[in-house]
Peer 1: 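My structure is below; once you've seen it, I'll send some questions.
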Amino acid sequence: MRVESKAPNRALVISVLGVMQIFAWGSSYYLPAVLAKPTASDTGWSLSWVVGGLSLGLLIAGIVSPWVGRAIAERGGRPVLAGSAGLLATGLSALALAHSLPAFLIAWALIGLGMGAGLYDPAFATLGRLYGHSGRSAITTLTLFGGFASTVCWPLSAFLDAHLGWRGACLVYAGFQIAVALPAYLFMLPRESAHLTPLPVSPSSRATAPASHDVRGSIFLMLATTITLSSVISTTLSVHLLTVLQAKGLTLAAAVGFGALVGPSQVAARTVEMAVARYHHPIWTKVASTSLVATGLAALWLDAPIIPLALALYGAGIGLESIARGTLPLAIFGPERYPVIMGRIAMPSLVAQAAAPSIGAALIEAGGVGGAMAVFVASAAVNVVLASSLFLMLRSSLRTTAP
């Protein structure tokens with residue numbers, strides 16, 4: 001593991017990354033939720049093309065993710081995250097200045113490069129590289145910050161749009177990335193050494209070490225598959241949840257009110273996980289995550305008269321998923337390979353997320369909300385099986401490598 005000769009201030013590093021994550025997500029992934037309609041109204045472009053900019057950005061982010069992982073493994077997270085701030089600023093500025101649809105999409109491609117270099121996976125990889133196996137608690141804490149991205153940035157984006165227009169809002173976010181995020185990454189994150197120094201591993205945090213290359217490859221494939229499926233489910237529902245709730249007879253206002261339960265449920269689940277993480281392996285977090293998502297979606301699909309509980313279970317599940325996504329690869333493969341592994345996992349996940357909203361819309365159009373929900377529930381159930389299978393594979397590998 002490459003480490004600095006002087007240990008960085010852990011609380012400072014996590015706080016800087018946490019605050020920057022809020023605005024990285026808010027000025028990219030969560031941007032169209034508020035600004036898509038004003039953009040379409042102002043430009044005359046179709047809403048599907050405007051929202052499609054995010055899909056293009058996610059696709060680009062997925063394509064570059066393996067390179068990002070290798071770059072963090074070789075140079076540390078500091079230069080990569082600083083680069084992400086510059087790319088986001090450039091893309092957002094180009095977005096504000098775009099007066100044709102091709103220019104708009106090119107701007108989103110630049111934002112996609114910034115997303116690939118600056119969202120959860122690169123931040124997790126940075127923490128894993130800095131702190132080794134003890135980075136698990138840091139990753140969990142970081143997700144607590146990230147859970148507030150929509151809570152902070154949706155109202156902020158609406159305020160900026162109301163006073164400056166959507167182009168002005170993009171320029172404000174671009175200014176934040178240059179004036180705040182870039183110097184924060186450069187001056188508050190540690191400059192890491194180019195030398196490898198193995199970190200001590202405590203028995204309670206020792207990585208699962210598969211016995212052979214074949215076993216390790218099978219575990220990686222299973223891990224990447226279940227993480228990708230989780231991402232597809234959560235991305236699809238984040239776009240279509242209000243449609244699902246309104247199809248159950250709720251007014252738009254009531255649907256928005258119920259949908260707002262998802263965010264606090266994510267944060268609550270992450271808080272509980274942070275308190276109990278020391279007592280269990282991260283695979284339990286993954287199994288709990290997939291089980292909660294499946295239970296919540298099944299309750300929502302079956303028209304159970306407890307929609308708030310169904311949404312709370314679903315929110316808790318996707319909240320835990322963010323933690324499992326970061327901590328489980330670290331526990332399985334160890335800190336030396338962690339940045340590269342995160343980059344490889346991020347690629348199929350982000351590419352699938354790019355297609356997820358369109359797939360969800362096609363399912364709703366073909367089978368109605370009920371038919372689409374049946375597919376979502378079935379997918380969530382399959383993911384429970386995948387996570388459980390991964391648990392059994394890890395238990396078997398531990399037995400194989402036991403002294």
Peer 1: Working to the nearest 0.5 Å, report the span between CD1 of I227 and CG of L328.
Peer 2: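 Answer for the CD1-CG pair, I227 versus L328, is 6.5 Å.
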
Peer 1: Using a strict threshold of under 4.0 Å (side-chain N to carboxylate O), is an ion pair present between E273 and R136?
Peer 2: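 A salt bridge is present here (some side-chain N lies under 4.0 Å from a carboxylate O).
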
Peer 1: Enter the distance from L92:CG to I178:CD1 here, rounded to the nearest 0.5 Å.
Peer 2: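 Rounded to the nearest 0.5 Å, the CG-CD1 separation comes out at 10.0 Å.
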
Peer 1: State whether a side-chain donor-acceptor pair under 3.5 Å links N383 with T290.
Peer 2: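 T290 and N383 do not have a side-chain donor-acceptor pair below 3.5 Å.
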
Peer 1: Does the side chain of S322 come under 3.5 Å of the side chain of R270 through a donor N or O and an acceptor N or O?
Peer 2: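 A pair is found: one side chain offers a donor N or O, the other an acceptor, under 3.5 Å apart.
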
Peer 1: If you draw a 6.0 Å radius around CZ in F391, do more than 12 non-hydrogen atoms from other residues or ligands fall strictly inside?
Peer 2: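 Result for CZ/F391: enclosed.
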
Peer 1: State whether a side-chain donor-acceptor pair under 3.5 Å links S230 with K286.
Peer 2: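 The criterion, which ignores hydrogens and geometry beyond distance, is satisfied for K286 and S230.
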
Peer 1: Answer yes if the side chains of S137 and R10 hold a donor-acceptor pair under 3.5 Å, and no otherwise.
Peer 2: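 Checked: S137/R10 side chains pair up, N/O donor to acceptor below 3.5 Å.
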
Peer 1: For Y314, which residues count as a side chain to side chain donor-acceptor pair (under 3.5 Å) partner, sequence neighbours excluded?
Peer 2: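 Partners of Y314 under the side chain to side chain donor-acceptor pair (under 3.5 Å) test: none.
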
Peer 1: Tell me, with the steps shown, if L156 and Y173 meet side chain to side chain contact (heavy atoms under 4.5 Å, CB included).
Peer 2: CA-CA 10 Å; L156 178 58; Y173 281 128; 3.8 Å; yes

Peer 1: Give the intermediate values and the outcome of ring-ring contact (aromatic ring centres under 6.0 Å, His included) for residues W301 and F376.
Peer 2: CA-CA 9 Å; W301 176 48; F376 299 154; over 10 Å; no

Peer 1: With no hydrogens and no angle check, do the side chains of S349 and R325 hold a donor and an acceptor under 3.5 Å apart?
Peer 2: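 Yes - a donor-acceptor pair under 3.5 Å links their side chains.
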
Peer 1: Could you check whether Y120 and T143, counting side-chain N and O atoms only, form a donor-acceptor pair closer than 3.5 Å?
Peer 2: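 Y120 and T143 do not have a side-chain donor-acceptor pair below 3.5 Å.
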
Peer 1: For the CH2 atom on W49, are there more than 12 heavy atoms of other groups (residues, nucleotides or ligands in this structure) within a distance under 6.0 Å?
Peer 2: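 Counting neighbours around CH2 of W49, 12 or fewer heavy atoms of other residues, nucleotides or ligands fall under 6.0 Å, so no.
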
Peer 1: Tell me whether the rings of Y30 and W25 are parallel (<30°), tilted (30 to 60°) or perpendicular (>60°).
Peer 2: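 Plane angle between 30° and 60°, so tilted.
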
